[in-house]
Amino acid sequence: MELRYPPEADAFRAEVRAFLRDHLPAGWDGMGALTNDEADAFSLRWRRTLYEHGMLGLTWPVAYGGGGRSKLDQVVLAEELARARVPMGRATDTTSVKMLGNTLVRWGTEEQKRRYIPRLLSGEDVWVQGYSEPDAGSDLGSVGLRAHREGDEWVLNGQKIWTSRGTEGTGIFVLARTDHAAPKHRGITFLLCRLDVPGVEVRPIRVLTGQAEFCEVFFTDARTPADDVIGEVNGGWAVAMSLLGHERGEEAATNPIFFRAELERLIALAREAGRDGDPVIRDRLAWCYTKVEVMRFLGYRILTGYLRSGELGPEASISKLYWSEYHQVAADLAMEILGARALVREGRRPFKHFRTDEPGAPNTTNSWIDVCLLNARSGTVYAGTSQVQRNIIGESILGLAKEPV
Ligand SMILES: Cc1cc2nc3c(=O)[nH]c(=O)nc-3n(C[C@H](O)[C@H](O)[C@H](O)COP(=O)(O)OP(=O)(O)OC[C@H]3O[C@@H](n4cnc5c(N)ncnc54)[C@H](O)[C@@H]3O)c2cc1C
């Protein structure tokens, strides 16, 4: 097995490294070394730098403000940014650039691409994801948000929930039911709606850590232009599914880097706590090490398929299941190493609320409590729960019978 990138990746990797040398502050130690206020200010400035140098939307056509580069270059960029401990934009860029941007490139009309892509790249527009509802999560085909046409507008009524960073968005992309008579997956339309129009209300939800990153979004006769449909009217299911693939993209390359950095912090925590001589703790740390190494090889395998076919196959479900379940065990180990100290919150809290704390973060109890209480717990829920991933693996990879409807 050849575990190397093709030679054409080397030239771009050198370019990215030179860019990082020129643009990162002297003595840069990673986002984890900053306070949350500093990290917030830095990530805003850093996003602008990435944008000005064509590093956002790297693979998109130049005509819409993209970089016109290959998928391989995108993977190299993600890997180098992760190694340099800098983010690929702001937290909202996951939904705005990665999800909606890629979806517009694939499904948008010429007019939609020219109107929306430059604005979401510049950060003028920030899009959040309105898929889930109180009665439609894993079973997304059951969405109940209603939309009907009145003249040249759609009128929306209903509710979304678990909208990450809803208060930071300027717009929301939603799945709405537009044909009640059709079979459930065929009556859904993918619509864009601004969040500042009359009839839209965003309500934050406070979670376990005390933070309010999630929102509920209520629609009461909210209106959006008729041409803000992405894909076909009643054909939103195909658009919705292709968007979910972009949630996983280059993660196969970056996850092993983040989880390796977290494991190093965990080993340092064991040393600081004087537990590194404990044979049970050592055994569990060694287990974590083997898991992260396997994650790296699994990542290479998925990337090889992705770069060859341009699509992420059902193997991406193995990766999602693997890292999210690993992370809960690693986070529990951190709690055990901390022991009674874990009852007292102290020090810096994680800046981001997904997956690991930033590489280079100090081993504060706040860091591990937040990672353990919320981030690692939610990993087996968002982007498809573990049970749903197992269904996909069973049906699409192992060829088992489909689950009864
Ligand atoms: C951190 C985080 C961020 C999120 N951000 C967003 C966002 O920005 N926008 C958005 O729209 N949503 C978001 N979500 C919501 C997320 O997509 C849903 O929570 C997820 O799809 C699961 O849906 P549910 O919560 O309704 O659980 P349910 O679908 O009700 O599932 C409940 C339980 O039943 C199991 N289950 C369900 N169906 C099956 C089945 N067929 N076979 C076996 N078991 C099954 C599930 O695995 C789970 O254990 C976010 C969630 C989290 C945790």
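Atoms within each ligand, like the ligands themselves, are counted from 1 in listed order. As the structure is a prediction and not an experimental result, all values here were calculated from the model.
- Within the 3.5 Å criterion, the main-chain N or O of Asp40 finds a donor-acceptor partner in the side chain of Arg90.
- Numbered from 1 in the order shown, with element, the atoms of ligand 1 that lie under 4.0 Å from a heavy atom of Phe214 read 1 (C), 2 (C), 3 (C), 4 (C), 52 (C).
- Of all heavy-atom pairs spanning Ile302 and Ala252, the tightest one is CG2-CB, 4.0 Å.
- Numbered from 1 in the order shown, with element, the atoms of ligand 1 that lie under 4.0 Å from a heavy atom of Ser378 read 1 (C), 53 (C).
- With a 4.0 Å heavy-atom cut-off, ligand 1 is reached by the side chain of Asn391 but not by its N, CA, C or O.
- Relative to the ring axis of Tyr5, Arg13 places its NZ or CZ within 45° and under 6.0 Å from the centre.
- Checked by atom type and distance alone, the side chain of Gln112 pairs as donor or acceptor with a backbone atom of Val229 at under 3.5 Å.
- A cation-pi contact links Arg355 to Trp323, judged by a cut-off of 6.0 Å to the six-membered ring centre and 45° from its axis.
- At a threshold of 4.5 Å between non-hydrogen side-chain atoms, the residues Ser367 and Arg265 count as touching.
- Annotation: cation-pi geometry satisfied between Arg149 and Trp154 (NZ/CZ under 6.0 angstrom from ring centroid, within 45° of ring axis).
- The shortest N or O to N or O distance between Ser138 and ligand 1 is below 3.5 Å.
- Protein heavy atom closest to atom 20 (C) of ligand 1, with residue, atom name and distance, is Val381 O, 3.7 Å.
- For atom 40 (C) of ligand 1, the nearest protein heavy atom is under 4.0 Å away.
- For atom 7 (C) of ligand 1, the closest heavy atom belonging to the protein is Trp162 O, 2.9 Å.
- Distance remark: protein heavy atom not present below 4.0 angstrom from atom 34 (O) of ligand 1.
- The only member of Trp127, Tyr116, Phe190 that meets ring pair (Phe, Tyr, Trp, His ring centres under 6.0 Å) when paired with Phe173 is Phe190.
- Relative to atom 44 (N) of ligand 1, the option among Arg355, Arg390, Gln387 with the closest non-hydrogen atom is Gln387.
- For atom 13 (C) of ligand 1, a protein non-hydrogen atom is found at a distance below 4.0 Å.
- Only the side chain of Thr385 comes within 4.0 Å of ligand 1, judged by heavy-atom distances.
- Between Thr163 and ligand 1, no N or O atom pair is found at a separation short of 3.5 Å.
- For atom 24 (P) of ligand 1, the closest heavy atom belonging to the protein is Gly137 CA, 3.9 Å.
- For atom 52 (C) of ligand 1, the nearest protein heavy atom lies under 4.0 Å away.
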Contacts table for residues 268-275: side-chain donor-acceptor under 3.5 angstrom, sequence neighbours left out:
| unit_1 | atom_1 | unit_2 | atom_2 | d |
| --- | --- | --- | --- | --- |
| Arg275 | NH1 | Glu336 | O | 3.3 |
| Arg275 | NH2 | Asp278 | OD2 | 3.4 |

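- A search for side-chain contact (heavy atoms from CB on, under 4.5 Å) contacts involving Ala39 returns Met31, Leu34, Phe351, not counting sequence neighbours.
- Looking at Tyr131 next to ligand 1, an N or O pair under 3.5 Å apart turns up.
- In this structure, the separation between NE2 on His53 and CG on Leu58 is 13.5 Å, given to the nearest 0.5 Å.
- Protein heavy atom closest to atom 10 (C) of ligand 1, with residue, atom name and distance, is Ser132 OG, 3.4 Å.
- Residues His23 and Thr49 approach most closely at CD2-CG2, 3.8 Å, considering heavy atoms.
- For ligand 1, none of its N or O atoms has an N or O atom of Thr95 under 3.5 Å away.
- With hydrogens and angles disregarded, a donor-acceptor distance shorter than 3.5 Å links the side chain of Gln389 to the backbone of Ala383.
- Summary of contacts: the protein heavy atom closest to atom 5 (N) of ligand 1 is Ser164 OG, 2.8 Å.
- Protein heavy atoms are absent from the 4.0 Å sphere centred on atom 30 (O) of ligand 1.
- Only the side chain of Glu403 comes within contact range of ligand 1, with a heavy atom under 4.0 Å; no backbone atom does.
- Considering each of Gln129, Arg377, Met99, the one bringing a non-hydrogen atom nearest atom 9 (N) of ligand 1 is Gln129.
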